[in-house]
2 protein chains.
Amino acid sequence: MNKDFILRLTKYKRLLYKLKALGFERVFSNNLGDAIGVTPALVRKDFSTLSLPGNKRGGYNVDTLIEKLDKILGRDRAQHVVVVGCGRIGTALMEYSGFNTDGIEIVAGFDAHPENVHNTSGVPIYGMDKLNEYVQENDTKVAIIAVPDSEASKVLDRLIDAGIRGILNFAPVELKCTRNDCPGSTTIHNVNIALELEHLFYQVNSQEAEEEEKHATGEETGAHPDGNT
Amino acid sequence: MNKDFILRLTKYKRLLYKLKALGFERVFSNNLGDAIGVTPALVRKDFSTLSLPGNKRGGYNVDTLIEKLDKILGRDRAQHVVVVGCGRIGTALMEYSGFNTDGIEIVAGFDAHPENVHNTSGVPIYGMDKLNEYVQENDTKVAIIAVPDSEASKVLDRLIDAGIRGILNFAPVELKCTRNDCPGSTTIHNVNIALELEHLFYQVNSQEAEEEEKHATGEETGAHPDGNT
DNA sequence: AAGTTAATGTGAACTATCGCACATATATAG
DNA sequence: CTATATATGTGCGATAGTTCACATTAACTT
Ligand SMILES: NC(=O)c1ccc[n+]([C@@H]2O[C@H](COP(=O)([O-])OP(=O)(O)OC[C@H]3O[C@@H](n4cnc5c(N)ncnc54)[C@H](O)[C@@H]3O)[C@@H](O)[C@H]2O)c1
Ligand SMILES: NC(=O)c1ccc[n+]([C@@H]2O[C@H](COP(=O)([O-])OP(=O)(O)OC[C@H]3O[C@@H](n4cnc5c(N)ncnc54)[C@H](O)[C@@H]3O)[C@@H](O)[C@H]2O)c1
């Protein structure tokens, strides 16, 4: 339900796979908490709300956790994605092989001008006219939008029409489904790189200002309880 | 201070620029709230905590807001970034011109093998040996990490040594500054695309399961108060 | 100039999230 | 078989973040 909660689940799952590869059979809420940066109590509470059983003395069984988390996170089936807009970002994603390790596969690309795309990825690229057909025949549910900002909203509509229910949007516009017949189940995540950079600049700048201030006041403030990142 | 808070500020600012371009002179907390998806009360409270003054009847003055937000968010000076790792993602970012509109400029790229990079971006690309010199001479504070996962941690160390204080990391590892002499002011943001996709899959899958369940129980649940995204 | 309207500004209530602390259960040792 | 150590499971209180509700005040109207 909650964003942070699901994020933690995904982190647990990833960590557990790594631990399994290292030969771990059991883990403690302590270990997991340390690794993903939360308190052990929260780990236990998370597992508790998901009814993930632990062993009162021996911690949690890695295989059990992985199995159940995979089911909860939907990794028991293959996860297929299509990319719409095969420009710089789009092709970078299609050429990227790292998604496989997470059970994610980019199965097709779509572009308004597929003939212009220099395709070295092995992923087939189709024209936009093939979108509906492909999505429906292959029962694809998730798409990445990597078209110019001005096109993003139109593309969103087409994707929803085609039956896509989850969208990762790279265009720097806050996409929302505003149609009257918008399926309530549609989820849109916006990845706004410029926003992230701005956020960074803000923090860096304000940190700097703070330090300058500290110097200016002669370092007399030794009681600033700010040890967090 | 708070992540969501700063994110909202940035969103306000962006929206305000767009509104200004449209000829707006005043806005109401209502408008802003609708546009960025929060309640008008929160908008007012945000502005209140920043001492951004509004007009008791005529809302907020767009120019004033922009000016003050720009100052708070540090946009009164030019914002320079360097990219480390000029592969697919790295070059996509360097070739991208959209950052300019937000006052952000990618000023240089660095790569372990600059001779292999096909550079069409106009941004100069240097070897890693030039990193320290460049960052110090140009007083660069923010960098993007786009190197392979296995290199990310090493690169992080080098960046911090060079004087970088804000980092946007695209490698799918949760980078943390774990050194003993890590400057407390260093900020790291991780953009994990695979994580985002997994999150989407989770939501889509669970939505689907929910709907199936609803159908199975004969649609007798008309009282599910879930109208949010 | 007085009255009305329409927005802000904010204290208080509410809500969700998280950490604490301890009761609880189980594996191991004696 | 009993005792003990150890890690889970969870009620409760603290805290931060958000919304409510309304007093406040500036602009417009007549
Ligand atoms: N490149 C980056 O580093 C970067 C960074 C941040 C954000 N973004 C955003 O990501 C999006 C894509 O950026 P890019 O640099 O890859 O752009 P690009 O111009 O390289 O590629 C866009 C692609 O979309 C295709 N396209 C255009 N209209 C279309 C439509 N209606 N339907 C289908 N395809 C269509 C074009 O043919 C082109 O191949 C943009 O919105 C951009 O603002 C990019
Ligand atoms: N391409 C994608 O779509 C995508 C998606 C998600 C995450 N990522 C992550 O982003 C990162 C970059 O991905 P990519 O596809 O651009 O990789 P890439 O292999 O295309 O490029 C990596 C670049 O880094 C350079 N490099 C390697 N080691 C270096 C070092 N120690 N110092 C400086 N430069 C070094 C290489 O020369 C190369 O140019 C990876 O961690 C990847 O997992 C990429």
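Within every chain, numbering begins at 1; the chains are lettered A, B, ... in the order of the sequence lines, protein sequences first and strands thereafter. Since the model is a prediction, treat every value here as computed from it, not as a measurement.
- Every pair passing salt bridge (charged side-chain N to carboxylate O under 4.0 Å, His left out) that includes a residue from residues 25-46 of chain B is listed here, sequence neighbours excluded: B:Arg8-B:Asp46.
- To the nearest angstrom, C1' of C:dT17 lies 16 Å from NZ of B:Lys3.
- Distance alone, capped at 3.5 Å, places no donor-acceptor pair between the A:Asp157 side chain and the A:Lys154 backbone.
- Within the 3.5 Å criterion, the main-chain N or O of B:Leu175 finds a donor-acceptor partner in the side chain of B:Asn190.
- Atom CD of A:Glu67 is surrounded by 12 or fewer heavy atoms from other residues, nucleotides or ligands within 6.0 Å.
- Within a heavy-atom distance below 4.0 Å of DNA chain D, the residues of residues 7-24 of chain B found are B:Arg8.
- Annotation: salt bridge (charged side-chain N to carboxylate O under 4.0 Å, His left out) contacts of A:Glu196 (sequence neighbours excluded): none.
- Per the geometry, CG belonging to B:Asn61 stands 15 Å off C1' belonging to D:dA26, to the nearest Å.
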Every protein N/O lying under 3.5 Å from an N/O of nucleotides 5-9 of chain D:
| residue | atom | partner | partner atom | Å |
| --- | --- | --- | --- | --- |
| D:dT6 | O4' | A:Arg57 | NE | 3.1 |
| D:dA7 | O4' | A:Arg57 | O | 3.2 |
| D:dA7 | N3 | A:Lys56 | O | 2.9 |
| D:dT8 | OP1 | A:Ser29 | N | 2.8 |
| D:dT8 | OP2 | A:Ser29 | OG | 2.7 |
| D:dG9 | OP1 | A:Gly54 | N | 2.9 |
| D:dG9 | OP2 | A:Tyr60 | OH | 2.7 |
| D:dG9 | N7 | A:Arg44 | NE | 2.9 |
| D:dG9 | O6 | A:Arg44 | NH2 | 3.1 |

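- For B:His199, the side-chain hydrogen bond (donor to acceptor under 3.5 Å, both in side chains) test picks out B:Gln203, with sequence neighbours left out.
- Contact annotation: the side chain of B:Tyr12 never approaches that of B:Leu73 to less than 4.5 Å [non-hydrogen atoms, C-beta and beyond].
- B:Tyr202 places none of its side-chain heavy atoms less than 4.5 Å from the side chain of B:Glu198.
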Provide a list of protein-nucleic acid N or O atom pairs under 3.5 angstrom, restricted to nucleotides 12-14 of chain D.
| residue | atom | partner | partner atom | Å |
| --- | --- | --- | --- | --- |
| D:dC12 | N4 | A:Lys45 | NZ | 3.3 |

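- Here the P atom of nucleotide C:dT15 and the CG atom of B:Asp4 are 20 Å apart, to the nearest Å.
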